[in-house]
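Notes for the one structure printed next.
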Amino acid sequence: MDIDSWIMAHEAAVRLSFFVGVFAVVAAWEILAPRRRLRIPKAMRWTNNLGLVALNTLLLRLLFPAAAVGMAAFAARQGWGLFNYLDAPYLLGLAVSVVVLDFVIWLQHVIVHAIPLLWRLHRVHHADLDYDLTTGARFHPVEIVLSMLIKFTTIAVLGPPVLAVLIFEVLLNTTAMFNHGNLRLPRRLDRILRSLVVTPDMHRVHHSVEDDEANSNFGFNLPWWDRLFGTYRDQPRSGHEGMSIGIHGFRDSKTVQRLPGMLALPFRGRITGYAINRRDWSTPEDLETTDPR
Ligand SMILES: [Zn+2]
Ligand SMILES: [Zn+2]
């Protein structure tokens, strides 16, 4: 059995093993060295956030049973994409593909903040009133499907090795749990790590209620894109203990922390201005004051 066939046969098991392993490590780390005091009972947030993860996993397996690695294998058979066309060294294709896939995810993240309709989907990720490892996996099912279609398109154009796609998926999953972790890291260690990977303190800035802070640090995995494209912000103004997490106008925990509320979130309120560069919160989707429910 060659490596590609092995990956195709074991992709789900490999990803699940990493998910469970990394989840356990980060969850234990959160108990031993928490960064902030959480506001909402953990049992409620975890049940609902992980319920959404289970729903998304099921949906993806039903819609795309072969997943992204299946798309890479299909592209290879068809001769689609740059690396299936060029005769590049395997390791070069592997490294470049992981970096390019990460850049596309970064770009997609900027786009879902910039386009009002897509921001409605993405605000499910931001509406969590606390910030811990389960926030990292909390996305609306429509955004998850959209994300997979963008990944498929990228794979068709890039033609990455099947292994690169598996490495990328596992890496993204691992770093998302790590950088959403409610983790206290020594400042010096954070500084060093930040040159290689997005750290919890770096991504937490992105979950601030403050508009300019939320529209910074779009990276999930590699930290370079934000520095390169001018969206990097070092720290939140109010500090990590003092900052507020979430979105203006969506502060009711009965809605934003429960699965039905999360699923309905994109369909609530009027379509308003761009989320990026929003400067006036007095005319927003101020739902808690205008919603008759
Ligand atoms: Zn975001
Ligand atoms: Zn996030």
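We count ligands from 1, going down the list as the structure has it; atoms in each ligand are counted the same way. The first residue of the sequence shown is numbered 1, and numbering continues consecutively from there. Small disclaimer: the values here were computed from a predicted structure and weren't measured.
Between the side chain of His180 and the backbone N or O of Thr135, no donor-acceptor pair lies under 3.5 Å. Looking only at distances, no side-chain donor or acceptor of His122 sits under 3.5 Å from a matching main-chain atom of His113.
Summary: NE2 is the N/O/S atom of His180 found nearest to the Zn ion (ligand 2). Counting just the N/O/S atoms of His113, the one with the shortest distance to the Zn ion (ligand 1) is named NE2.
Between Phe74 and Trp80, a ring centre-to-centre spacing shorter than 6.0 Å is recorded.
The nearest N, O or S atom of His109 is closer to the Zn ion (ligand 1) than 2.8 Å. Not one N/O/S atom of His125, from backbone or side chain, sits under 2.8 Å from the Zn ion (ligand 1). Backbone or side-chain N, O or S atoms of His207 reach the Zn ion (ligand 2) at under 2.8 Å.
Salt bridge absent: Arg37 and Glu241 never bring a charged side-chain N and a carboxylate O closer than 4.0 Å.
Remark: at the Zn ion (ligand 1), atom NE2 from His206 and atom NE2 from His126 enclose 90°, rounded to the nearest 10 degrees.
Counting heavy atoms of neighbouring residues, nucleotides and ligands inside a 6.0 Å radius, atom CZ of Phe267 exceeds 12 of them.
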